[in-house]
Novice: 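Provided herewith is a single structure, encoded as C-alpha cells, for subsequent inquiry.
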Amino acid sequence: MALRNQTSLGLAVTGLFALMMIFSSVSGAGAAVTCDAYAAPGGNDSAPGSEAAPFESAQHLMDTLSGGQVGCLRAGTYSAEEFKVTGGGFALTSYPGETAILKGRFWIARGSDDVSFSNLSFDGRNSRGLPSPVVNSADVTFNSVDVTNHYTGICFKLGDIDYGRAVRTVIEHSKIHECGKRPSGNQDHGIYIGQSDGAIIRDNWIYDNVDRGVQVYPDAQGTVVTGNVIDGNGEGVVISGDGSTASRNTEIRGNIISNSTIRWNVESNWPGGVVGSGNAVNRNCLVAGNSASYYNLNGGILPESEGAKGFTANSNIIASPGFADRAGKDFTVGPDSECASVYSGGGDTAGSASDPVDPPQNSARISIKVLNRAPVSRSTRVSLTGKVWAPKTSHARRIQISKFKHGSWRKVRGARVTRSGHFRIRTRFNARRGSRRIHLRASVPGVAQSRAVTVRTRRI
C-alpha cells in the first residue's frame with residue numbers, strides 16, 4: 001500500500017478514550033439488550049426494522065441509526081463488497097447470545113464520529129484487497145470483536161492523509177489475526193496506525209499476522225498500546241516515520257510481545273531523517289523466539305548498538321508467559337505467569353466469532369486529554385478536555401479532577417458536564433519543586449473514572 005507524507009499535528013494526546021454502547025448494557029449470553037432496530041438474514045430492507053420484522057442488510061440498519069441508538073444484528077453472515085459508515089452517534093452489536101459476521105470491506109468515513117462496534121466478527125476480504133476495518137473519523141470504539149481477512153491484506157487501518165485522520169480510536173478486548181499477504185512484502189499488518197491521534201490499543205490478542213502486529217507509522221501521535229498479547233507476527237511493534245513526519249509520544253507498556261518470525265519484537269525506523277520523540281517501551285514481557293538468532297538480542301527489542309533510536313526502553317523483562325494453549329490460539333495468562341509482574345492485560349478474554357465476549361456491564365466511561373503541547377511551568381495554566389459516556393440513569397452532570405499527591409488521589413477541581421457529555425477545564429495545577437510531571441484524572445463519583453494523564457513540567 002502506498003505510504004504518503006502528512007504534516008504532523010504535534011498533538012500530545014494521552015489518557016483513556018473509550019466509546020461504549022450508550023443507553024444499553026449486555027450482561028451475558030441471552031441477556032436483554034436495548035435495541036432500537038434489527039437486521040437478520042432473510043429480513044427485508046423495506047420492513048420497519050423491528051425485532052419481529054427486521055431489515056435484511058447490515059448497511060441499511062446502520063443507515064437508519066442516529067444519536068444514541070443501538071442496532072442489533074441477528075446471527076449469520078452479512079456480505080457486501082463494502083460497508084460504509086456515514087453517520088455518527090450509534091452502536092452496532094450482535095444480538096445477545098449470537099454472533100454476526102460482516103464479510104467485506106468495512107469503512108468508517110470522515111465525520112462519522114462517536115460510533116461503537118461490539119461482539120461482531122469482521123471478515124475483511126474484498127475484491128480490491130483494501131484494508132478493513134478503516135477508520136477516518138473520531139471517537140470510534142471496537143470492543144470484543146474478531147478481525148481477520150484470511151491473509152489477503154491489511155486489517156485495521158487508522159487514518160489517511162486524503163480521507164481523514166483517525167482521532168481517539170479504541171480497539172479493546174478483541175482478536176486481530178491472520179492479516180497480510182503471503183509471502184511477506186513488509187507492508188501488510190494487523191493494526192496499521194497511520195495518520196492518527198490518541199489511539200488506544202488495549203487488552204487484545206494480536207497474532208499470526210504476516211508483517212507487523214502493530215505498526216505506528218508515519219504520523220501517529222499519542223498512541224497507547226497496553227495489555228495486549230502480540231504473538232507470532234512477522235514483527236511485533238514498529239514505531240516509525242517517513243520524510244518530514246514522525247510518530248511521537250507512543251507508549252508501549254504492559255504487553256506480552258513474543259515469537260516474532262521475521263524481524264524484531266520491537267523496532268524503530270526513521271527514513272528521511274526526522275526522528276520521533278517521546279516514544280517509550282516500558283514494562284513489557286518479551287519472548288524472543290525468532291529462528292534467526294540475531295533478532296533475539298535484547299529480548300527482541302532492537303538495541304541502540306544495532307541502530308535503535310527514537311524510543312526509550314526500560315524495565316522490560318524476558319520471561320515465559322505460560323500461555324494456556326499457544327498452539328490452539330488460547331493466549332490466556334494465569335496469575336503464576338513469569339510475566340505477571342509487568343503484564344497489564346488478562347482482565348477480559350479477547351472476543352472471537354465462536355465465543356463472543358460481552359462488554360463490561362457498567363458502560364460508563366470517561367476520556368480526558370491534555371491540550372498543552374509543551375512542558376508547563378508552575379505558573380502556566382493547564383487545559384484539559386474530555387467526555388463522559390454514561391447511561392442516562394447515572395445523571396453524570398459534574399466531573400471531578402483529582403491530582404496524585406503523596407501517594408493518593410486528591411480532588412482539586414470540579415466542572416460541569418454538558419448535555420452531550422463534554423467538559424473543559426483550564427486552571428493551574430502546582431507541581432512540587434523538582435517534579436517533572438503532574439498526574440491527573442477525571443471522575444464522576446459512583447459512576448466511572450478515567451485513567452491518569454500526565455502533564456509534563458519544566459524542571460524547577
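As a basis for the values below, the full set of heavy atoms in this structure was taken, side chains included, without hydrogen atoms, waters or symmetry mates. The structure presented is a predicted model; accordingly, all values stated were derived computationally and were not measured.
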Novice: Nearest 0.5 Å, please: how far is SG in Cys155 from CG in Asn209?
Specialist: 6.5 Å
Novice: I'd like to know if the side chain of Asn126 and the backbone of Arg128 have a donor-acceptor N/O pair within less than 3.5 Å.
Specialist: yes
Novice: Can you name the side chain to side chain donor-acceptor pair (under 3.5 Å) partners of Ser258, sequence neighbours left out?
Specialist: Asp231
Novice: Any donor-acceptor pair under 3.5 Å linking the side chain of Thr169 with the backbone of Ala166?
Specialist: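 No.
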Novice: To the nearest 0.5 Å, tell me how far Glu81 CD sits from Arg125 CZ.
Specialist: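 Reported value, rounded in 0.5 Å steps: 12.5 Å.
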Novice: With no hydrogens and no angle check, is any side-chain donor or acceptor of Lys309 less than 3.5 Å from a backbone partner on Phe311?
Specialist: no
Novice: Among Val216, Ile193, Asn136, Thr223, which residue meets the side chain to side chain contact (heavy atoms under 4.5 Å, CB included) test with Leu158?
Specialist: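 So, applying the side chain to side chain contact (heavy atoms under 4.5 Å, CB included) to Leu158 and each of Val216, Ile193, Asn136, Thr223, only Ile193 qualifies.
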Novice: Determine whether Val225 and Arg253 make a side-chain contact, defined as any pair of heavy atoms from C-beta on separated by less than 4.5 Å.
Specialist: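 Contact flag for Val225/Arg253 side chains = no.
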Novice: Residues in side chain to side chain contact (heavy atoms under 4.5 Å, CB included) with Lys181, at least two apart?
Specialist: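 Counting only residues at least two positions away or on another chain, Lys181 forms a side chain to side chain contact (heavy atoms under 4.5 Å, CB included) with Asp188.
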Novice: My understanding is that only one of Thr86, Val134, Val135 makes a side chain to side chain contact (heavy atoms under 4.5 Å, CB included) with Ile108; could you say which?
Specialist: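 Exactly one option meets the side chain to side chain contact (heavy atoms under 4.5 Å, CB included) with Ile108, and it is Val135.
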Novice: Might you work through the side chain to side chain contact (heavy atoms under 4.5 Å, CB included) test for Phe156 and Tyr192, ending with a clear yes or no?
Specialist: CA-CA 6 Å; Phe156 275 107; Tyr192 190 148; over 6 Å; no
Novice: Testing the 3.5 Å rule here: is there a donor-acceptor pair between the side chains of His189 and Asn233?
Specialist: no
Novice: I'd like to know if the side chain of Ser247 and the backbone of Ile239 have a donor-acceptor N/O pair within less than 3.5 Å.
Specialist: no
Novice: Taking atom CG of Leu286 and atom CG of Asn316, what is their separation to the nearest 0.5 Å?
Specialist: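 Those atoms lie 5.5 Å apart.
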Novice: For residues Asn119 and Thr99, determine if any side-chain heavy atom of one lies less than 4.5 Å from a side-chain heavy atom of the other.
Specialist: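 Of all side-chain heavy-atom pairs linking Thr99 with Asn119, none is under 4.5 Å.
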Novice: How close do Ile399 and Ala442 get, counting heavy atoms only, and between which atoms?
Specialist: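 Closest approach of Ile399 to Ala442, heavy atoms only: CG1-CB, 3.8 Å.
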Novice: With Asp197, which of Arg168, Arg248, Arg165 fulfils salt bridge (charged side-chain N to carboxylate O under 4.0 Å, His left out)?
Specialist: Arg165
Novice: In terms of the angle between their ring planes, are Tyr207 and His177 parallel, tilted or perpendicular, with boundaries placed at 30° and 60°?
Specialist: parallel
Novice: Do Glu251 and Asn279 have side chains that approach each other closer than 4.5 Å (heavy atoms only, starting at C-beta)?
Specialist: no
Novice: State whether the side chain of Asp146 and the backbone N or O of Phe122 hold a donor-acceptor pair below 3.5 Å, judged by distance alone.
Specialist: no
Novice: Count the heavy atoms belonging to other residues, nucleotides or ligands that lie under 6.0 Å from CD of Glu304, then report whether that count exceeds 12.
Specialist: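 Not buried by this count: 12 neighbours or fewer within 6.0 Å.
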Novice: Could you pull out the closest heavy-atom pair between Ser260 and Glu235, with the gap in Å?
Specialist: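 For Ser260 and Glu235, the tightest heavy-atom pair comes out as OG-C, 3.7 Å.
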Novice: Test Gln221 against Thr250 for side chain to side chain contact (heavy atoms under 4.5 Å, CB included), laying out the working first.
Specialist: CA-CA 7 Å; Gln221 311 302 322; Thr250 309; over 6 Å; no
Novice: Give a yes or no answer on whether the side chain of Asn284 reaches the backbone of Asn282 with a donor-acceptor pair at less than 3.5 Å.
Specialist: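 Yes: the side chain of Asn284 pairs with the backbone of Asn282.
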Novice: Which heavy-atom pair separates Thr226 from Ser344 by the least distance, and what is that distance?
Specialist: OG1-OG, 3.2 Å
Novice: Under 6.0 Å between the ring centres of Phe323 and Trp205?
Specialist: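 Not close enough - the centres of the two rings lie 6.0 Å or further apart.
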Novice: Which pair of non-hydrogen atoms, one from Ile206 and one from Gly213, has the smallest distance, and what is that distance?
Specialist: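 Distance-wise, the nearest heavy atoms are CG2-O, 3.6 Å.
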Novice: Any chance you could lay out the side chain to side chain contact (heavy atoms under 4.5 Å, CB included) test for Leu92 and Leu120, step after step, and finish with the verdict?
Specialist: CA-CA 9 Å; Leu92 185 71; Leu120 297 164; 4.1 Å; yes
Novice: How long is the span from the OG1 atom in Thr141 to the CD1 atom in Ile171, to the nearest 0.5 Å?
Specialist: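 Taking OG1 in Thr141 and CD1 in Ile171, the distance rounds to 9.5 Å.
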Novice: Measure the CG-OG1 distance between Asn290 and Thr261 for me, rounded to the nearest 0.5 Å.
Specialist: 7.0 Å
Novice: Is Leu384 close to Leu440 at the side-chain level, that is, under 4.5 Å between some pair of heavy atoms?
Specialist: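 Touching, per the 4.5 Å side-chain cut-off.
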Novice: Within the distance-only criterion (no hydrogens, no angle test), does the side chain of Asp113 pair as donor or acceptor with the backbone N or O of Ser137 below 3.5 angstrom?
Specialist: no
Novice: Report the C-alpha separation of Leu73 and Tyr78 in whole Å, then their side-chain angles, then the decisive distance to 0.1 Å, and conclude whether the side chain to side chain contact (heavy atoms under 4.5 Å, CB included) test is met.
Specialist: CA-CA 9 Å; Leu73 294 169; Tyr78 300 79; 3.9 Å; yes
Novice: Which heavy atom of Ala246 sits nearest a heavy atom of Trp270, and at what distance?
Specialist: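 Scanning both residues completely, I find the closest heavy atoms to be CB-CZ3, 3.9 Å.
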Novice: Side chain of Asn255, backbone of Val229: donor and acceptor closer than 3.5 Å?
Specialist: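 No.
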Novice: Write down the atom of Phe117, the atom of Met62, and the distance for their closest heavy-atom approach.
Specialist: CE2-SD, 4.3 Å
Novice: Tell me yes or no: between the side chains of Asp330 and Thr332, is some donor less than 3.5 Å from an acceptor?
Specialist: yes
Novice: Looking only at atom types and distance, does a side-chain atom of Ser315 sit under 3.5 Å from a main-chain N or O of Arg283, one as donor and one as acceptor?
Specialist: no
Novice: Measure the spacing between CZ of Arg441 and NZ of Lys411 and express it to the nearest 0.5 Å.
Specialist: 13.5 Å
Novice: Looking at Glu82 and Lys84, is any side-chain nitrogen of the basic one under 4.0 Å from a carboxylate oxygen of the acidic one?
Specialist: no
Novice: Among Glu172, Lys175, His173, find the residue that satisfies the side chain to side chain contact (heavy atoms under 4.5 Å, CB included) test when tested with Ser144.
Specialist: His173
Novice: Give a yes or no on whether the backbone of Gln195 and the side-chain of Asp160 come within a donor-acceptor separation of less than 3.5 Å.
Specialist: no
Novice: Does Arg263 qualify as a cation-pi partner of Tyr295, given the criterion of NZ or CZ under 6.0 Å from the six-membered ring centre and within 45 degrees of its axis?
Specialist: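 No, Arg263 and Tyr295 do not form such a contact.
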